[in-house]
Number of protein chains: 2
Amino acid sequence: MVDVARLAGVSLKTVSRVVNGEPHVQRAMADRVLAAVAELGFQRNHMASALRAGRASATIGLIIEELANPFYSTIAHVTAEMARERDTLLLSASSEEDPVREEQLLRDLCSRRVDGLLVVPAGCDHSFLNSQVEMGIPVVFLDRPGTNIEADAVLLDNRGGARNGVRRLVADGHRRIGVLLDTVDVHTMRERLAGAQDALADAGIGYDGALVRGGVRDPATAAAAVADMLTQPSPPTAFLALNNRITVGAVQELWRRGSDAALVGFDDFELSHLMPRPLTVIGYDTRELARRATQLLFARIDGDRSRPRTVVLPTELLDRGLAPAR
Amino acid sequence: MVDVARLAGVSLKTVSRVVNGEPHVQRAMADRVLAAVAELGFQRNHMASALRAGRASATIGLIIEELANPFYSTIAHVTAEMARERDTLLLSASSEEDPVREEQLLRDLCSRRVDGLLVVPAGCDHSFLNSQVEMGIPVVFLDRPGTNIEADAVLLDNRGGARNGVRRLVADGHRRIGVLLDTVDVHTMRERLAGAQDALADAGIGYDGALVRGGVRDPATAAAAVADMLTQPSPPTAFLALNNRITVGAVQELWRRGSDAALVGFDDFELSHLMPRPLTVIGYDTRELARRATQLLFARIDGDRSRPRTVVLPTELLDRGLAPAR
DNA sequence: CGACGGCCGGACAACGTTGTCATACTCTCT
DNA sequence: AGAGAGTATGACAACGTTGTCCGGCCGTCG
């Protein structure tokens, strides 16, 4: 900017005024400045400009579990779109479900003075964010609530969804229902499992530990778990898969074996209606989830100081049948 | 930092030294500073620190077409992972195939002084980036080459892939092959179409405009195009879908109609092997694409000034059969 | 006992901007 | 003609850091 000022023969401040479109600059002088800007290829330094007077950085931070997962990339996309309307860019990072990494990333984002944070939490303690919130960086949690912190959250009705899924199976006469889940360390999984158990209890079906299989991390382990459970004495006649990766593995294994066990999966996914066997899923509106959370965040950024809210969005049973005809 | 210095009773510079882990600070004094840091909740301002002496912003910019598309979100994920190893974060934005928007986003990223840019180009003129490259912001193009600019590019062998796909159809006896594509405005589509025509010419099959259908933007229009082409006189006996969204629409429509037309799709996608009818696809290693591009970018950031390179990665025909048994 | 080198701490300027204030000039109105 | 208002421009400080340099203290060696 100093160079531009020198070349145009004006003061630094005049260049600043022209570059920012402020009034009170004579036409001729503005033209001279613009010519110098063009000649030198000058470009305003956004960081310096944000630094001065602590203005907003026009950036928001997004922490998700894994960007390559369609659920999270949809969230990232919706948020980025909404941000763009405010000339704000999105800094996104994956926690990979690692609490340590999550904290590092969050601290990094804070030290970059993002205008706000959108977090799908992996950790079990977010108290370190309290000071950031006080210092003016609002946080909205997405999909799962934060822990040890009072902040907005936009969640899904995981418990109700799983309950409806199991009800559907029970209504079809199933009594031995295998439940496949990742880990109860994750809030969503705990809720979904609780919902499944609600429905079983409602139906007067007792708890059978052999029918609940944890530690199912991906399609391959899901397939293995299904195979194992089906070869036990008195195998399940139906399965509830508590996320989409598990569902995919289960579909694949049931199909491979030609099994007619029933299957309901949590999370809809693209092409789920094209699976080689009927598949009923518990779906929800991922875009709406992201939309609500982003709205809430921008409201906070714009100064909304009301009490933290928790929004719970409904799920929907997409009934496409349960099992292949015998 | 001034406040911390005052509270600890030391100078500004000493606080800076402690915060940055520089040597030559007495233990007792460092402890006092750390106590003050903790008490005030001080956090280093990354922007100010980068501003001083024009250091790197530890940020790279990624422009893709649409973050919600698995192809692009995989790229974003791989890049973000590699960036994290260098304590660098990813600013990602979607151009939505809009050249104007692409240019705006790129200029914005430059004004934020990102360390480098990774671009899946939508526009048809990237000459405005030349000055940025000269000023030290390296650019690597991904999936498609940049225009009017000498820069690195990591591409796929689109032409060869499409050629192999059509060859496979021809080998099975097909002579009337419908080609479904988005728009020839996009480099990849042009190349894929050219590859298809190469193979047809090699087989001595003349060009028939009625068999090439452009403007197919999404699964719904793909389904409509398939339906339309199948109801024309002398319909195609096979289809080549030039991207995964088109493939999905085509699968769906062919399945719905119970058609036994053959189908080859460009781009592999998750669950493609679980489609309700055989589906042969032209696949490639998206992660490798992203990996190579990111490597190249970091090499440039680290000062590699060698001539711009263009890397072309191979595709692979994943032959899973062509059509349901009659 | 004085010189020297290593360690430690601080003053100051600079990074690229912009807000604040001061100044000089041009009108218009009494 | 002088006051008052408004416009156009510039000087300067400040945003939060860190690099440079300088000086004081300590111990050691000739």
Side-chain angles (χ1 to χ4, degrees), chain A residues 1-34 36-37 40-59 87 107-115 132 135-137, chain B residues 1-34 36-37 40-59 87 107-115 132 135-137:
Chain A
M1 213 148 146
V2 174
D3 297 339
V4 173
R6 190 158 32 217
L7 181 59
V10 299
S11 83
L12 201 55
K13 181 64 203 184
T14 299
V15 177
S16 172
R17 272 195 267 260
V18 172
V19 168
N20 290 293
E22 285 174 35
H24 306 312
V25 178
Q26 273 187 355
R27 191 54 173 278
M29 192 150 298
D31 287 346
R32 246 167 48 219
V33 170
L34 289 175
V37 163
L40 296 177
F42 166 82
Q43 191 157 28
R44 198 158 140 276
N45 183 325
H46 184 275
M47 292 196 313
S49 140
L51 176 60
R52 165 74 223 223
R55 245 222 314 289
S57 63
T59 312
D87 290 313
R107 286 189 189 277
D108 191 351
L109 288 170
C110 289
S111 88
R112 286 163 194 256
R113 300 294 189 268
V114 292
D115 300 337
Q132 303 298 334
M135 292 174 67
I137 302 188
Chain B
M1 213 148 146
V2 174
D3 298 338
V4 172
R6 189 159 32 219
L7 180 60
V10 299
S11 83
L12 200 56
K13 181 65 200 182
T14 299
V15 177
S16 170
R17 272 195 268 260
V18 171
V19 168
N20 291 291
E22 286 175 35
H24 306 312
V25 178
Q26 274 188 358
R27 191 53 173 278
M29 192 150 298
D31 288 345
R32 249 171 42 222
V33 170
L34 289 175
V37 164
L40 297 177
F42 166 82
Q43 192 157 27
R44 199 159 140 275
N45 183 325
H46 185 275
M47 292 196 313
S49 138
L51 177 60
R52 163 75 221 220
R55 246 221 314 292
S57 62
T59 312
D87 290 313
R107 285 189 191 278
D108 190 352
L109 288 171
C110 289
S111 87
R112 286 163 194 256
R113 299 294 189 270
V114 293
D115 300 337
Q132 303 298 334
M135 290 174 67
I137 302 188

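Numbers restart at 1 for each chain; the letters A, B, ... are given by sequence-line order, proteins then strands.
For B/E22 and D/dT17, the CD to C1' distance is 12 Å, given to the nearest whole Å. The distance from atom CZ of B/R17 to atom C1' of D/dT20 is 11 Å, rounded to the nearest whole Å. To the nearest angstrom, C1' of C/dG9 lies 12 Å from CG of B/L12. Put simply, CG on B/L51 is 17 Å from P on D/dA14, counting in whole angstrom units. Going from atom CZ of A/R6 over to atom P of D/dT9 covers 20 Å, rounded to whole Å. Between A/M47 atom CE and D/dT18 atom P there is a gap of 13 Å when expressed in whole angstrom units. The separation between B/H46 atom NE2 and D/dT18 atom P is 10 Å, rounded to whole Å. If you measure from atom CZ of A/R32 to atom P of D/dA8, you get 15 Å, rounded to the nearest angstrom.
A/V114 places a side-chain heavy atom less than 4.5 Å from the side chain of A/I137. Between B/N45 and A/L51, the closest side-chain pair of non-hydrogen atoms falls below 4.5 Å.
The A/K13 side chain lies nearest to D/dA11 when the options are D/dA11, D/dG19, D/dT9. Closest to the side chain of A/R52, from the set C/dG10, D/dG10, C/dT18, is C/dT18.
Here the closest non-hydrogen pair linking B/A36 and B/A8 is CB-CB, 4.0 Å.
The side chain of A/N45 places no N or O atom within less than 4.0 Å of a non-bridging phosphate oxygen (OP1 or OP2) of C/dC15. OP1 or OP2 of D/dT9 has at least one side-chain nitrogen or oxygen of A/Q26 nearer than 4.0 Å. For D/dG10, the OP1/OP2 oxygens have a side-chain nitrogen or oxygen of A/T14 closer than 4.0 Å.
In this structure, a donor-acceptor pair under 3.5 Å is present between the side chains of B/R44 and B/N20.
Residue A/V2 is classed as having no contact, given no heavy-atom separation below 4.0 Å to the nucleic acid. When heavy atoms are screened at a 4.0 angstrom cut-off, B/V25 is found touching the sugar-phosphate backbone but no base atom. Among the heavy atoms of the strands lying under 4.0 Å from A/R44 are primed sugar atoms or P, OP1, OP2 only; no base atom is included. Within 4.0 Å of B/M29, counting heavy atoms only, lie sugar-phosphate atoms of the nucleic acid but no base atom. Using a 4.0 Å heavy-atom cutoff across all strands shown, A/S49 reaches sugar-phosphate atoms only and no base atom.
Between the side chain of A/R55 and the base of C/dG19, no donor-acceptor pair of N or O atoms lies under 3.5 Å.
Under the side chain to side chain contact (heavy atoms under 4.5 Å, CB included) test applied with B/V4, the options B/V19, B/L40, B/T14, B/L12 reduce to a single match, B/L40.
Residue order along DNA chain C, read from the 5' end via each residue's closest nucleotide, puts B/G9 first among B/G9 and B/R113.
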